[in-house]
Every structure is written in structure tokens, then in C-alpha cells.
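Below you'll find the structure, written out as C-alpha cells, and then a few comments.
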Amino acid sequence: MDVIVGIDLGTTNSLCSVFKDGQPKLIPNTHGSFLTPSVVGLLEDGQVVVGAAAKELRVTHPDRTASCFKRSMGLDRVIEMGKQEFSATKLSSLVLKSLRGDAEDFLGHPVEQVVITVPAYFNDNQRQATKQAGEMAGLKVRRIINEPTAAALTYGFHDRDSEKHLMVIDLGGGTFDVTLMEIFEGTLEIISTAGESMLGGEDFTDRLVSTVLKKEGLHLETAEMTQPVRTARLREECENAKRQLMTEGKSRIRLPDEAGTFDDSKVFKLNSAVFAKIVEPLMKRIKDPINRALRDGDFGPEKIDDVILVGGATRMPVLQGFVTDFFEKEPLVTYNPDEVVALGAAIQAALIGDDAAVDEIVMTDVCPFTLGVEVAKDFGGRVSSGYYQPVIHRNTTIPVSREEQFGTMAANQQEVLLMVYQGESRKVADNLCLGELRIVDIPPGPAGTEILVRFTYDLNGLLEVEAMLPSTGKKFNTVLTNHSSSLSSVELKAAVREMQKLKFYPRDELRHRRLVLYSERMVGEVGSFHRQQLEDAIDVFEHAMTLGDRSVFDSARLSLLMTLEQMGVGYDEPDEPDEDLAGGNAAGGSR
Ligand code: ADP
Ligand code: MG
């Protein structure tokens with residue numbers, strides 16, 4: 001089947017979507033939810049669980065789970081899970097595999113092609129890694145698109161006849177993007193993009209955790225190493241407290257002891273003002289990219305017609321308050337900020353698939369950062385290296401291909417090592433090195449022998465660099481491979497084989513396993529008085545899962561659910577989502 005599925009591969013949550021009957025629709029997972037936590041876990045027997053079940057496991061067995069790995073995409077970082085080592089790319093591919101399974105279940109046929117969204121501010125290494133994660137999951141990645149662009153597509157699709165300037169502010173779990181755009185007669189034109197790929201809602205939670213730990217005389221990094229369960233439980237408390245500020249304006253954080261058990265006498269009181277003070281340094285970092293995107297577009301905040309909030313962390317009152325003050329208007333949250341990117345990915349899939357419903361929509365995007373090479377400068381005979389020469393300037397409309405002319409430094413120079421960078425600084429040391437291109441066999445000639453360098457930045461945001469010696473016509477090109485996270489095709493095949501050895505926990509039983517993992521987490525939450533009764537109910541249910549007797553199973557499940565309920569820690573699993581809700585999600589505004 002040639003249907004293309006859209007995937008929003010988030011730091012904290014991932015979603016899957018499809019364009020159907022003229023509308024983008026979200027695809028529910030086995031738990032009936034559209035949001036799949038981007039958490040991977042290994043059960044005791046080594047089986048892989050992804051999503052809600054892994055999130056439960058993260059609290060009780062942080063050592064056997066991995067989360068927030070999107071932050072390590074494109075880095076040569078090894079992430080330990082259980083006793084095994086993974087790259088962020090591999091962990092992401094497990095999430096993609098799980099979403100693919102959900103899509104195949106929902107659609108009733110195999111899925112082989114995807115559009116994956118990435119933060120606009122993702123660099124070349126991070127984008128390559130994302131594409132390879134798709135390939136490791138056996139998927140053909142038809143397009144990598146920027147998350148704020150996808151969000152804008154959702155707004156543009158439903159409001160295509162309007163004429164306005166929009167600013168999309170996307171604060172997810174781990175990344176921050178700001179995009180300025182114009183909608184005009186069905187044309188969506190991105191004017192400028194700015195952001196930070198290391199700033200998100202998780203940093204706000206981190207600051208809260210670290211503030212509470214400090215009161216106990218502990219540092220976050222040390223506590224994570226020495227008291228992982230305590231830190232994991234405290235993090236869960238802080239996350240909930242942070243979210244509660246949206247509805248209540250205040251909340252309480254219970255402090256677990258070293259074993260992770262809560263003692264209700266130890267409580268940290270939080271309110272919006274205290275929280276604002278704690279996260280002040282982060283809020284300062286939010287302002288810069290907004291100003292940069294406006295400056296690049298030559299805009300003032302007053303020229304923005306609508307400010308669109310995207311990403312779960314834009315629910316924070318402190319963020320909404322800032323945006324309202326800055327733009328002097330209330331932001332728009334017409335679509336659920338968790339879902340709007342995934343819906344846009346489905347619209348992008350429809351554009352690629354030439355669906356008639358998106359006939360009149362035209363979309364243009366930009367390259368979010370400047371790309372260039374290292375050059376040496378000659379100051380009257382004193383040659384100094386380390387300077388940055390841009391080839392493609394930031395916010396150039398893509399796809400773009402630009403050629404620049406360079407010369408050799410010395411007479412009869414045979415080789416040039418072209419270093420490729422991304423960034424805005426004058427010196428390469430302050431920019432990000434993307435890779436290198438070795439130009440060899442330069443024929444003898446004077447200093448200044450011509451070398452042409454061409455940069456091509458495609459619609460996926462991937463860069464190709466090509467050099468040519470006009471004197472010989474010889475060409476050199478590279479897909480930048482500076483990092484080991486970027487695999488050759490042989491390595492990729494080996495990785496796919498390795499991934500296939502990992503066994504996924506059976507999909508149709510995942511809901512039940514999640515209930516067990518949830519209940520196990522609650523063993524640490526309920527008082528010691530109830531503990532035995534809960535453990536007994538879990539034992540009975542777990543045993544019933546292996547028996548294959550429906551009525552025994554149903555009664556054990558019910559009994560476990562009732563036990564949890566009685567203990568005040570009721571399990572609430574979303575029901576099957578309503579078909580109508582999946583289409584467009586127009587009523588999803590969640591302010
Ligand atoms: P990503 O796309 O990176 O996975 P999401 O858009 O799902 O991120 O947003 C996740 C982030 O949003 C998390 O850091 C979470 O703490 C935060 N978040 C979600 N709901 C709320 C809320 N009500 N208040 C504050 N933060 C929230
Ligand atoms: Mg997101």
C-alpha cells in the first residue's frame with residue numbers, strides 16, 4: 001500500500017497520523033490514546049515495551065528504561081538500558097516501530113512510508129539520525145519536515161483563504177522553535193525560523209527537581225546516579241506539580257525518601273510565583289529566538305496577527321503570560337498543542353501523495369541557520385585561519401543550491417580539506433562542525449587556484465556539499481558523515497539485523513502489562529498497610545494473564561482495578577477514542 005503516514009517523533013510524546021477522506025486524522029495506540037510516551041523499556045525477560053507501559057517502568061526501574069533520547073539524536077552518545085547499549089537513533093527506531101504497528105492495526109494494511117517531523121532547529125546530524133531511525137524501523141522516510149511548519153500547515157489547511165502573519169511558538173519537551181510565516185491565498189510561506197534544540201519543558205521540570213533536591217543538600221546529577229529511584233519518583237511529583245499550576249495555580253510536591261517511599265510530612269509547596277522565580281533563567285532563553293525570528297523577518301511584534309502555541313510546555317501559565325505581554329494579544333490555541341504537529345505531518349503526506357483535498361495549498365520553508373566553510377584570511381602576508389565563510393544564509397527559502405568560489409592558499413597545493421560548519425559566528429570555533437570534504441589531486445598551479453564549492457540544502461533540511469576543480473572538471477562530493485551516529489549503508493543493514501533480534505512485547509497484551517506495571521508502581525505509593533493486598537491482586541492478575549481462561553482473566557483484572565480504586569490510586573485508561581475526535585481534533589483547545 002502506498003499510503004504515507006505522518007509521525008511526530010517527540011522528546012516526550014510521539015503521535016501518528018494519516019490523511020483520510022480529505023482530513024488529517026490521528027491514529028490511536030493500543031491503549032486508545034493518541035499520545036505515545038517516547039519511552040522505551042526492557043522487561044525482566046528482555047522484551048521491549050514502548051510508550052505508556054515503559055513510562056510506568058521508568059519510575060520503578062529507571063535503569064531498564066530510556067527516555068528523552070531525542071536530545072541525544074545525532075550525537076555519539078551511548079545510552080544504557082538494562083545491560084545493553086543503544087544509540088538515540090536505535091531507541092527512536094523502536095518508537096517508530098511501535099507507532100508503525102499502531103498505524104497498521106488502525107488502517108488494516110502494512111505501512112511502509114512516512115513523513116517524520118523534527119524541530120526546525122535540528123541540525124544536519126540530528127536530521128540524518130532521524131532519517132536513519134526510520135530506515136532502521138524498515139520505513140521509507142518520504143520527507144523530514146519542521147515541526148512548526150507542520151503546525152502551520154494544520155492552521156493553514158483549515159484557514160487557507162485568510163491573509164495573515166502568524167508566529168508559531170513551539171515549546172515541546174526538549175526543544176524550542178519559533179517560526180514566522182505568512183498565509184496568502186493558500187500559499188504558506190515561512191519567513192524566518194529560530195530556536196534552541198536544547199530547551200524544553202523537561203528543563204523546567206529539571207529545575208524544579210533540582211531546587212527541591214538542593215533543599216535536601218543534594219545535586220541533581222549526583223542524585224540521579226546515587227539515588228535513581230528516589231530521583232525518578234521526585235521527578236514524577238515535580239512533573240505533576242508543574243502541570244497542576246495550569247489549572248490550580250498552586251500544588252504540592254511530596255518528597256520521597258532514599259528508597260522512594262513517600263512520607264507525607266515532607267512537602268514542598270509550589271505556586272505560580274515561586275515557579276516563575278525558579279524558571280526565570282529558562283524564560284530569559286525563550287525571548288532570544290523570538291526576537292531573532294522577528295528581526296530576520298524585519299517584523300515588530302505588533303505586525304503579527306496570530307500567535308499560535310504548539311507543544312505541551314506552552315500550557316505553562318508563565319509562558320502564556322509572557323507571550324500575551326510580549327505580543328499584546330492572547331495566543332491562539334485552536335488545535336490541541338500536543339496534536340497539531342502530527343496533524344500537519346498528515347497534511348504534508350497528502351501534499352506528497354497529490355491528494356486532491358490539498359490541491360490549492362503551496363508551502364515553502366526556509367533553512368533555519370547559516371551554512372558555510374572554514375577559510376583562512378591573509379592579513380598582508382600574515383595568514384590566519386579559523387574564519388567562517390557563509391555559503392547559504394539563514395532563512396533562505398529551500399530547496400536551495402549555492403555555489404561559492406574559493407582558492408588554494410599556496411602555490412602547488414595538492415590537497416584542501418574543506419571543513420563544513422553551521423552557525424552564525426564569525427569564527428568557526430563558535431559554530432558547529434558538520435563534517436569535512438577532502439579535495440585531492442589538485443594540479444600544480446599558483447596560489448589562488450580556483451575551487452568551486454556548491455551547497456545544496458534540500459526539502460528535508462539535509463545538506464549536500466560538492467566541490468569542483470574547474471581546471472580538471474573533477475568533482476568531489478559528500479553527504480556529511482562526521483559522526484559515528486551517521487551510518488554507512490552496510491552499518492545500517494547490520495543495525496537493522498541487530499534490531500530485529502529485539503523482541504517486542506506482544507501488542508495485544510500490552511494494555512494488560514501496562515496495568516501490571518502501573519500497579520507495581522503503586523505498591524510504593526500506597527501505605528504499608530495496603531501493600532500486601534495490592535501485591536496479592538497483582539500476583540493473581542499476572543498469573544491469570546498466562547492461563548488463557550477468559551472468565552478467570554476478566555475477574556482477576558476487575559479485582560485488581562477495584563483494589564487500586566479502593567486504595568485511592570484508581571487506574572484510568574483512556575477508552576477507545578471516538579472516530580470523530582480523531583478527525584481534525586478541532587475541539588481540542590486545551591487552555
Ligand atoms: P514533545 O513534542 O517534545 O514530545 P510535547 O509537545 O508532548 O513535547 O510536550 C511535552 C512537554 O510539555 C513536557 O515537558 C511536559 O512537561 C509539558 N507539559 C504538558 N502538559 C503540561 C501542562 N499542563 N503544564 C506544563 N507543562 C506541560
Ligand atoms: Mg512536539
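Both ligands and their constituent atoms are indexed starting at 1 by order of listing.
- Ring-centre distance between Phe86 and Phe69: not below the 6.0 Å cut-off.
- Near Met316, the atoms of ligand 1 lying under 4.0 angstrom from a non-hydrogen atom of the residue are 25 (C), 26 (N).
- Every side chain to side chain contact (heavy atoms under 4.5 Å, CB included) that Ala137 has, sequence neighbours left out, goes to Ser93, Leu96, Lys97, Leu139.
- At the shortest separation from atom 13 (C) of ligand 1 among protein heavy atoms lies Glu202 OE2, 3.3 Å.
- Ranking protein heavy atoms by distance to atom 10 (C) of ligand 1, first place goes to Thr12 OG1, 2.9 Å.
- Expressed to the nearest 0.5 Å, how far CG of Leu517 lies from CG of Leu57 amounts to 5.5 Å.
- The CD1 atom of Ile190 sits 11.0 Å away from the CD atom of Glu182 when rounded to the nearest 0.5 Å.
- Listed by atom number, the atoms of ligand 1 under 4.0 Å from Gly311 heavy atoms are 6 (O).
- Rounded to the nearest 0.5 angstrom, Gln320 CD and Asp325 CG are separated by 12.0 Å.
- Heavy atoms from both the backbone and the side chain of Arg243 come within less than 4.0 Å of ligand 1.
- The single protein non-hydrogen atom nearest to atom 6 (O) of ligand 1 is Gly312 N, 2.8 Å, given as residue, atom name and distance.
- Of all protein heavy atoms, the one lying nearest to atom 15 (C) of ligand 1 is Glu239 OE2, 3.3 Å.
- Rounding to the nearest 0.5 Å gives a distance of 9.0 Å between CG of Asp338 and CG of Asp8.
- When the shell of 6.0 Å around CZ of Arg507 is examined, it contains more than 12 heavy atoms from other residues, nucleotides or ligands.
- Looking only at protein heavy atoms, the nearest one to atom 3 (O) of ligand 1 is Gly173 N, 2.7 Å.
- Inclusion of Asp8 in the set of residues having an N or O under 3.5 Å from an N or O of ligand 1 is not warranted.
- The cationic group of Arg160 lies under 6.0 Å from the six-membered ring centre of Phe157 and within 45° of the ring axis, placing it in a cation-pi geometry.
- With a heavy-atom cut-off of 4.0 Å, Lys70 does not touch ligand 1 at all.
- For atom 26 (N) of ligand 1, the closest non-hydrogen atom of the protein is Lys242 CE, 3.5 Å.
- Of all atoms in ligand 1, numbered sequentially from 1 with element shown, those under 4.0 Å from a heavy atom of Arg315 are 19 (C), 20 (N), 22 (C), 23 (N), 24 (N).
- Two residues are said to be in side-chain contact when any heavy atoms from C-beta on lie closer than 4.5 Å; Asn123 and Arg127 fail this criterion.
- Short contacts between ligand 1 and Gly10, defined as distances under 4.0 Å to a heavy atom of the residue, involve ligand atoms 1 (P), 2 (O), 4 (O).
- Considering only non-hydrogen protein atoms, atom 7 (O) of ligand 1 sits nearest to Asn13 ND2, 3.2 Å.
- Residue-to-ligand polar distances place Ala313 within reach of ligand 1: an N/O pair is separated by less than 3.5 Å.
- Every atom of ligand 1 is numbered from 1 in the order shown, and the set under 4.0 Å from a heavy atom of Thr11 is 1 (P), 3 (O), 4 (O).
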Handout entry: side-chain contact (heavy atoms from CB on, under 4.5 Å) between Lys70 and Phe122, worked out
Key = CA-CA 10 Å; Lys70 183 172 174 179; Phe122 248 26; 4.0 Å; yes
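- For ligand 1, the atoms lying closer than 4.0 Å to a non-hydrogen atom of Met246 are 23 (N).
- Side-chain N or O atoms of Asn29 include none that pairs as donor or acceptor with a backbone N or O of Asp102 at under 3.5 Å.
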